[in-house]
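Note sheet for the following structure.
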Amino acid sequence: MKLTFNAADERFREDIASWLQAHLVGEFEHLKFRGGPGDEHMFPEERKRWEQELAAGGWVGIGWPEACGGRGASIEQQVIFAEEYARAGAPGRIGHIGEGLAGPTIIAFGTPEQKAKYLPGILNGTEFWCQGYSEPSAGSDLANVRTRAVRDPDSGRWRITGQKIWTSLAHESQWCFVLARTEPGSVAHRGLGFFLVRMAQPEITVRPIEQLTGTSEFNEVFFDDALAEDLVGEPGDGWRIAMTLLGFERGVSTLGQQMQFQNELDEIIRIARSNGAASDPAIRQRIAEAHTGLRLMRYNALRMLSGDERSGPDSSALVYKLHWASWHRNLGALAMDVLGPEAELLDGAPYELTRLQSLFLFTRSDTIYGGTNQIQRNIIAERGLGMPKEAKGR
Amino acid sequence: MKLTFNAADERFREDIASWLQAHLVGEFEHLKFRGGPGDEHMFPEERKRWEQELAAGGWVGIGWPEACGGRGASIEQQVIFAEEYARAGAPGRIGHIGEGLAGPTIIAFGTPEQKAKYLPGILNGTEFWCQGYSEPSAGSDLANVRTRAVRDPDSGRWRITGQKIWTSLAHESQWCFVLARTEPGSVAHRGLGFFLVRMAQPEITVRPIEQLTGTSEFNEVFFDDALAEDLVGEPGDGWRIAMTLLGFERGVSTLGQQMQFQNELDEIIRIARSNGAASDPAIRQRIAEAHTGLRLMRYNALRMLSGDERSGPDSSALVYKLHWASWHRNLGALAMDVLGPEAELLDGAPYELTRLQSLFLFTRSDTIYGGTNQIQRNIIAERGLGMPKEAKGR
Amino acid sequence: MEFRLTDEQYMVRDTAQAFLADASSSGQVRRAMTAARSYDPAVWQRLCTELYVQAVTIPEAYGGLGLGYVDLAIVLEQMGRKLFCSPFMATVGMATNALLLVASDEQKQRWLPAIAEGTQTATLAWTGPQAARAGGSWGAEAVSATWTATAEGYQLDGDLRYVIDGDTADLLIVAARTPGSSGSEGIGLFVVPASSAGVERQWTPTLDQSRRLANLTLRGVSVAADQCLGVAGEGWPQLQKILALAKVSLAAEQLGVASEALDMAVNYTLEREQFGRAIASYQAVKHKAADMKLKAEVACSAVYYAACVASEVLAPDGDVNIAAELDEAAAMAKGYCSDTVFFNAGSALQLFGGVGFTAEYDIQLYFKRAKASELYLGNGAAQREQIAAMLLDGESAQ
Amino acid sequence: MEFRLTDEQYMVRDTAQAFLADASSSGQVRRAMTAARSYDPAVWQRLCTELYVQAVTIPEAYGGLGLGYVDLAIVLEQMGRKLFCSPFMATVGMATNALLLVASDEQKQRWLPAIAEGTQTATLAWTGPQAARAGGSWGAEAVSATWTATAEGYQLDGDLRYVIDGDTADLLIVAARTPGSSGSEGIGLFVVPASSAGVERQWTPTLDQSRRLANLTLRGVSVAADQCLGVAGEGWPQLQKILALAKVSLAAEQLGVASEALDMAVNYTLEREQFGRAIASYQAVKHKAADMKLKAEVACSAVYYAACVASEVLAPDGDVNIAAELDEAAAMAKGYCSDTVFFNAGSALQLFGGVGFTAEYDIQLYFKRAKASELYLGNGAAQREQIAAMLLDGESAQ
């Protein structure tokens, strides 16, 4: 075990840090610290140009294999990239679903033709992706997919009908990957297909969902006999591919997320020091707890990325979501409590939230999306501890 | 709603307070504040004499109907009795299982002969009772009774074989009430009988259980074809009678229990003030929380005893056990944390616990016996909120 | 000793419940939230006419119902359940108490009947801009507006913050201090019609849109000598009592919010299916609901005990021993209910899953109200520190 | 950057595990608990001979293995898992660090080889009777024994409390202060053979019988000048480091206790049936176990990060930036692990139900150890207050 990075990695750190310092200026200056959770819908055009700037610098897909146009960067270097990116306050990645989810899935399961067709657009920052997983009646029961795909017997092409929900950036994306039922009458995780769908077609309608924040980062997406551009793998492979994709989410991006968390905590500490809350013993305990939780989240991630499997395969990965989601939710409440009665005051009418109010409200979704805390505990108990599976009603 | 007691009740309070002041002296002086939870096994002979002293004063069974030898005291007066008894530091009642459980059960379900046979011994403080409910394989699954009762076809008398556990005061009691299976092959709550059994017979063996405290308040009781003196109700009525009996436990004795809790909290506060822990902000929060929790426990009990049914029948009663058990367990941990490193130091070798160490260890059983916290939450959700019952494996 | 509602009190509850079911639907709440005054004056007038509960604690001599704080708590609990948008909390739960506690008979005759009739609303304005911090600073040091004696009475100056319905109330109960004084010294209480010259008011938009806050600025506001409640300069003990009573009011409302959040969550989980079962059948959901239920039950005991104490405080012949418990009972009620309301509303939001996060479902409104009322007049930790000081710091403590 | 065990470290773990499975069974622990020394000297000698881990952090120049703190943490974690009764924590987890950090080369040559060979045990004695309170008082002010300079060296006087294995250790590392000094001023560190004239030691029976504490009384104990570690009077920065390292040791052991409590609970719930099902199939049980698992995983990260930092502190050429994190990393590890060990052991006790309450089952031993080690050197709240001071009070904080 050692905590220090080697010389080559430190040089890599200097490279990305100085590149960001040189490029996150001018038209991009005002994007600093923007576009994070709760702010994802802001400045889409400017952030797309930023993606192209990143791509031109060779900073998109650094962890992808060189054969696929990536740099084959080591885990350490990906960690460093994520850290420096967030440290510089570079904006929330509008291309992260393509780079982190769609791309790796196509690399893992796609045909050579599919790779040639989709990967370059991701790597050059011109094509953006959104995801079509959740459905209104499914919730945590991800396999409860009702969206169906029917193959046209003549053309051999698939057409999709159904409804997806909680799709962020749907109106900013050219592409969507969609989980749909290829086998009529099949249930649960059997009989699903993994489709790549072009968003620009009249058979697709995007409807923003107004949230408790008054804003609309998420959407409902309606497919009414929409044409699927491609099927990844075979009909019936959908569940396996989808599960692999979810695994990609537990990647190095968590380190970047943590730098975002650190920015938030820093702001809370700054306010506490200026408004006197820092002398309140209960607040002191909670700030120290938040600080500790965030540091330990980082060490957990480093252990996970280093492949430490001491306490069973995937143990640190299994607890990761529950840990950060609960931590972040508590941070949101802490922010309000540090502000005291000022927590109530908006930036302006009709409902302009301050950054910390937005944090407070948005973090309530962290313990729900991507598997609720309850589902996470089931998974930890069942996969991590070998306890019996929950009985299903169906 | 009003919180004041009327003049007659205040006179009753003076009666019991002055009686206790006059009688809790001499040979009984050293029993003050003894015999509570974790201390139940201490001074049994002296405490039996104290029961007779109480009985002579007319203070046993005050809540029983006058026709059964009680005083028919109102709920208010029972509250007052419990409060004053505890305030005076009068010793833990060695007769409480007879007075509070066996007696009321016999009054409710017994024949005139049974009442004549058993009630006087309870009322005059000469006959003591223990309970035979729990079994080793049953735990929270109280209906999982394996002890069986067989009726001798000639004599018509029942003989009992099986094992009970967690029986306190078994070696101090003349009588035990026992739940046993009268119908061979029956399961769960069907086919049970409620028996009254004389302890002094060679077919009964009492074996103390050594606890984590090093002491042995609880026992295992083995019945090997032991003779039952009486059956209450009919064979098959056992479950209904047992459940009614458990209802008696939620009686006014809770008020006395709370005075005991207050004594414990007072000691903790006294120590905190003398050793400086009272200036530790985290400890201050917890002491205030404990104080609040105890006061609210009292108000809850008063609401329960007053028959407040605003939020559904029995609502305040349903949450009562979970509330006090969790509160008391937290108090035990608080006691240790107020003591700091001194918490480790015993009164003496080999394993002589201080009062607060004993509290700390004993309170861990509060969230287990009489229905674990988990079972309590099931009950609250199912009976109090109408949520679906837990699926059973059998 | 009878710690349950009387038959008359059940009637008060049922009447309030029926009225609110009709007057505070989800749609009505949402319209009020974005209305000019944050409530519908017509609904308020209906309440004042049909229920007359704005007069619940006002003695009959001044045109009121002459009931106790328990009856007020019953009404507030029901209003919390429906997030009823109205000036009731400010007028009845806060400002009226100041008049009942401190005003002379002439002053009561002057101001209470208009409140009892529903023709005037009122609020309490006492904390300044620098004062209210996280934790325990909702005390005397929060008072920063000033009063100075003049020939014909007093002049008031300064900024007042976090004033509930301060932009619409007709009558302001203002706390101020003599210039240069600090802590509990020098505080005076004044009745100031909002129309007085020199009063400026500014609505401050809030996270919880179902209750308005405002900033007030007083610039050389002249008030006559008979607008001073009690003795100017010796007002802290009275203000302290008024704030304790306000905590009881807030706690009662929190109880309603917490109980309704529980009921909403239970109903939703009985309907919502996941993995082929109603999610209410999962033990994790049941146990969360059980914890919410426990808190709601205990909160109920806390609120109604404190309300009984408050009744003794307000009653002319109230039991002095019980009345002396006010500070402690109010801190316990506000502390326990603050924790409970945020726990219950937050847990309910979690049990609603994704839809709880949408603007469409009402549970988010309860969640926002929960946080707002948790923080107002100090959260659970602040109340506990106050209780700890009573228990641990005095010479005479146990 | 490589935050996982090396193959060699896996070997250290497996070897320790195998040894302890054989040498620290339930029966052996229970015998040791009531034995004269609270450990079995024969088992200790076997450990010293077969595993040689008492020498794990001692440089090869002094007869040790020359490994880092990570390896020490691995061993302590395994010892925690089996509640191994031995002088290892006091000797290796605490006292040896003082020699490694502060002793001159001559002093190291004099004392380290005997420890490395297993012929001497040692402990750290630093806190006086009035000092260690609930919360944050395990600091400099806890030092109350005194040193005074004499012609031939120093004289030590005073009472020392809560000394782990203080009744049996051969070598005492004693912290004392100049008479009349206070806080971090005037502190000196001395190596005192327990056999020195004027040393009295008294075993104090404890709730957790698996680790002994003792009171020491020093009455005019003379030590030579070369028994002083570093400069007498300027010892606080060194003692502070020694205490931080001790916290890392305790945290590593707590991780083992917490992990084993979880494993025991999971195994029990898989066997125990209620209502016709293994109780491990109830979601309430599963979720409790999941929370325990989360805490154990995070605690693991906390411990091994702190151990990496500690390695840099002890290494002659350690990275100074990483070494500078010692106080914070140790407070985080001890704080998080203290909360975790009590939560996990308490939860396990609950999951065992009635039998957990009996002396017969081992889980109660883990529960008692959990509380004892939670409080030793300050509980979670005390560590958090220390972290808060770093974050919030300094001028240079963020």
Side-chain angles (χ1 to χ4, degrees), chain B residues 134 136-141 143-144 165-166 188 209-214 216 218 272 275-277 279-283 329 333 336-354 357 360-362 364-365 367-369 372-375 377-378 390-394, chain D residues 34 127 130-138 161-162 203-209 211 213 215 272-279 281-285 288 342 346 349-361 363-365 367-368 371-372 374-382 384-385:
Chain B
S134 288
S137 61
S140 294
D141 187 2
N144 188 13
I165 196 168
W166 310 121
I209 300 169
E210 193 191 341
Q211 296 143 204
L212 78 173
T213 50
S216 302
F218 298 112
N275 81 356
S279 63
D280 177 320
I283 294 290
R329 185 183 58 187
M336 297 296 97
D337 297 348
V338 162
L339 284 165
E342 223 187 301
E344 270 297 292
L345 306 183
L346 299 177
D347 255 0
Y351 206 64
E352 203 176 315
L353 300 172
T354 65
Q357 287 168 340
F360 170 59
L361 294 178
F362 261 97
R364 304 308 295 201
S365 69
T367 56
I368 294 169
Y369 80 84
T372 63
N373 277 9
Q374 286 71 34
I375 295 288
R377 289 193 181 93
N378 279 353
E390 205 56 30
K392 299 195 179 189
R394 68 168 74 101
Chain D
T34 52
T127 179
Q130 296 300 323
R133 291 274 177 257
S137 308
W138 293 86
R161 293 286 161 88
Y162 314 115
W203 163 51
T204 53
T206 44
L207 194 62
D208 166 24
Q209 293 176 287
R211 182 140 64 209
L213 298 181
N215 291 341
R272 171 76 171 170
E273 292 198 353
Q274 293 271 271
F275 303 101
R277 292 161 55 180
I279 64 173
S281 72
Y282 288 96
Q283 212 177 23
V285 172
K288 177 79 87 180
F342 189 63
L349 201 67
Q350 178 72 15
L351 293 178
F352 269 82
V355 300
F357 201 63
T358 64
E360 183 188 344
Y361 280 70
I363 191 65
Q364 48 108 355
L365 303 177
F367 178 70
K368 291 170 182 170
K371 194 74 206 173
E374 178 199 356
L375 292 174
Y376 206 83
L377 299 188
N379 67 4
R384 280 192 292 279
E385 174 50 37

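Protein chains get the first letters and strands the later ones, always in sequence-line order, with residue 1 at the start of each. These figures come from a predicted structure and were not determined experimentally. Values below: every heavy atom of this structure, side chains too, minus hydrogens, waters and symmetry copies.
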Take B:Y351 and D:T34 through the side chain to side chain contact (heavy atoms under 4.5 Å, CB included) test and state the conclusion after the steps. CA-CA 10 Å; B:Y351 206 64; D:T34 52; over 6 Å; no

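- Proximity to chain B is limited to the side chain of D:L213, based on heavy atoms less than 4.5 angstrom apart.
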Stepwise, does the side chain to side chain contact (heavy atoms under 4.5 Å, CB included) test hold for B:L361 with D:L207? CA-CA 10 Å; B:L361 294 178; D:L207 194 62; 4.0 Å; yes

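- Under a 3.5 Å cut-off, the side chain of B:Q374 and the backbone N or O of D:V285 do not form any donor-acceptor pair.
- With hydrogens and angles left out, the side-chain atoms of D:Q350 and B:T367 include a donor and acceptor closer than 3.5 Å.
- A donor-acceptor distance shorter than 3.5 angstrom exists from the side chain of D:K368 to the backbone of B:L212, with no hydrogens or angles considered.
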Listing, residues 353-360 of chain D side-chain donor-acceptor contacts under 3.5 Å, not counting sequence neighbours, or none:
unit_1: D:T358; atom_1: OG1; unit_2: D:V355; atom_2: O; d: 2.6

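- From D:R161, atom CZ reaches atom CG of B:L345 across 8.5 Å, with rounding to the nearest 0.5 Å.
- For the residue pair D:P205 and B:A349, the shortest heavy atom distance occurs at CG-N, 3.7 Å.
- The salt bridge (Lys or Arg N to Asp or Glu O under 4.0 Å) test applied to B:E344 returns no partner, not counting sequence neighbours.
- With a threshold of 4.5 angstrom between heavy atoms, D:F342 approaches chain B through side-chain atoms but not through N, CA, C or O.
- Proximity to chain B (any heavy atom under 4.5 Å) is restricted, for D:Q209, to the side chain, taken from C-beta onward.
- Across D:L349 and B:I368, no two heavy atoms sit closer than the pair O-CD1, 4.1 Å.
- Between chain D and the options B:Y369, B:F218, B:F360, the largest number of non-hydrogen pairs under 4.5 Å is found for B:F360.
- Only the side chain of D:F367 has a heavy atom closer than 4.5 Å to any heavy atom of chain B.
- With a threshold of 4.5 angstrom between heavy atoms, D:A284 approaches chain B through side-chain atoms but not through N, CA, C or O.
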